[in-house]
Amino acid sequence: MVPEHPDAPDAETAASALKILVAGGFGVGRTTLVGAVSEIRPLRTEELLSEAGRSVDDTDGVDRKVTTTVAMDFGRITIRSGLSLYLFGTPGQDRFWFLWDELAQGALGTVVLADTRRLEDCFPAVDYFEHRRIPFVVAVNCFEGAGRHDARSVCRALDLDAGTPVVLCDARERDSGKEVLIRLVEYAGRTHTARPLDSVG
């Protein structure tokens with residue numbers, strides 16, 4: 001029997017695309033990570049910080065930051081043949097959080113970037129994704145001059161659920177960012193697979 005579409009890929013070889021969010025506090029490196037790993041020219045919605053915004057944007061520790069994401073960042077990376085990730089970087093400031101609900105729809109999981117100099121800034125992101133049961137990994141962006149803390153210490157400081165991965169990374173380095181994304185895909189895959197079994201039990 002001749003297939004109806006002989007040139008069409010079968011289910012095992014068909015390309016898959018997964019939606020991933022990159023979230024975290026203001027100035028933590030979301031735009032940098034998306035730009036570093038993306039194999040296409042990333043879409044950015046950055047605007048210059050204004051004097052009016054300085055009263056609401058806490059720039060302590062990121063004094064040299066001059067722009068901010070006002071909608072989202074977008075990039076794409078191929079993890080392996082047949083598997084691509086579409087990356088959506090969320091804005092960090094509170095006043096843009098109304099966008100998160102739209103961006104989170106259909107996401108496999110999230111990278112929550114953390115800066116140990118401002119660790120408290122990632123609590124809202126952790127709470128957001130825990131509450132919505134969206135799998136996430138915490139990626140500690142190792143800024144120059146920041147104190148070095150191991151993954152276990154960060155896990156305790158953020159009071160993460162047991163098993164939530166914490167990885168150290170450099171958001172500027174493509175290979176480092178790619179490793180974070182691979183960890184997320186593996187963890188989210190295990191989490192989504194386990195949930196139907198939990199509901200049966």
Side-chain angles (χ1 to χ4, degrees), residues 9 13-50 53 57 59 61-115 118 121-122 124-125 128-129 134-144 146 165 167-189:
T13 60
S16 296
L18 303 174
K19 182 179 183 181
I20 300 295
L21 298 187
V22 181
F26 176 66
V28 78
R30 297 175 316 280
T31 300
T32 300
L33 177 64
V34 172
V37 301
S38 181
E39 62 199 17
I40 62 172
R41 182 177 180 181
L43 168 68
R44 294 179 172 154
T45 59
E46 289 192 300
E47 294 293 337
L48 290 172
L49 289 172
S50 66
D57 294 330
T59 58
V62 287
D63 312 78
R64 291 180 292 177
K65 186 172 176 59
V66 296
T67 61
T68 186
T69 299
V70 296
M72 68 173 189
D73 301 305
F74 175 77
R76 185 190 72 209
I77 179 174
T78 300
I79 295 296
R80 58 172 169 74
S81 177
L83 177 60
S84 296
L85 305 182
Y86 291 118
L87 309 175
F88 292 80
T90 66
Q93 299 98 311
D94 299 11
R95 64 183 183 277
F96 296 125
W97 281 355
F98 67 93
L99 295 168
W100 284 35
D101 289 338
E102 290 291 329
L103 291 173
Q105 288 187 20
L108 174 77
T110 304
V111 174
V112 175
L113 274 174
D115 177 354
R118 299 156 54 102
D121 288 1
C122 72
Y128 180 93
F129 297 112
I134 298 174
F136 65 91
V137 301
V138 173
V140 179
N141 193 5
C142 298
F143 287 91
E144 293 179 12
V167 295
L168 307 182
C169 74
D170 184 336
R172 302 168 298 180
E173 299 292 334
R174 176 180 171 82
D175 288 345
S176 182
K178 187 174 180 180
E179 284 301 315
V180 170
L181 295 171
I182 291 170
R183 285 287 299 275
L184 172 62
V185 170
E186 292 173 345
Y187 174 66

- Query: Do the side chains of L103 and F74 get nearer than 4.5 Å, heavy atoms only?
  - Reply: no
- Message: Quick check: do R118 and V28 have side-chain heavy atoms less than 4.5 Å from each other?
- Response: no
- With respect to C169, which candidate in L113, V140, L33 satisfies the side-chain contact (heavy atoms from CB on, under 4.5 Å) definition? L113
- Please test L99 against T90 for side chain to side chain contact (heavy atoms under 4.5 Å, CB included), starting from the C-alpha separation and ending with a verdict. CA-CA 8 Å; L99 295 168; T90 66; over 6 Å; no
- Between G75 and S38 the two heavy atoms that sit nearest each other are CA-OG, 3.4 Å
- Query: Do R30 side-chain atoms and G25 backbone N/O form a donor-acceptor pair below 3.5 Å?
  - Reply: yes
- Note on the structure: So OG1 of T78 and CG of L83: to nearest 0.5 Å the spacing works out to 8.0 Å
- Which pair of heavy atoms, one from E102 and one from K19, lies closest together, and at what distance? O-NZ, 3.9 Å
- Name all pairs fulfilling the salt bridge (charged side-chain N to carboxylate O under 4.0 Å, His left out) condition that reach into residues 32-41, sequence neighbours left out, sorted by first residue then second. E39-R76
Under 3.5 Å, side-chain donor or acceptor atoms of residues 175-188 against the rest of the protein: list the pairs with distances, not counting sequence neighbours.
unit_1 : atom_1 : unit_2 : atom_2 : d
S176   : OG     : D170   : N      : 2.9

- Task: Taking all non-hydrogen atoms of both residues into account, name the closest pair between C122 and A114 and its distance.
- Result: SG-CB, 3.9 Å
- Contact check, side chains of L87 and V37, non-hydrogen atoms, under 4.5 Å: yes
- Query: Under 4.5 Å between any side-chain heavy atoms of D115 and N141, yes or no?
  - Reply: no
- Item | Heavy-atom closest pair, residues Y128 and A104 | OH-CB, 3.9 Å
- Item | Reported CD1-to-OH distance for the pair I40 and Y86, which is rounded to 0.5 angstrom | 8.0 Å
- Message: Testing the basics here: between V112 and A125, what is the closest heavy-atom pair and its distance to 0.1 Å?
- Response: CG1-CB, 3.9 Å
- Query: Which class fits the ring pair F136 and F129: parallel under 30°, tilted 30 to 60°, perpendicular over 60°?
  - Reply: tilted
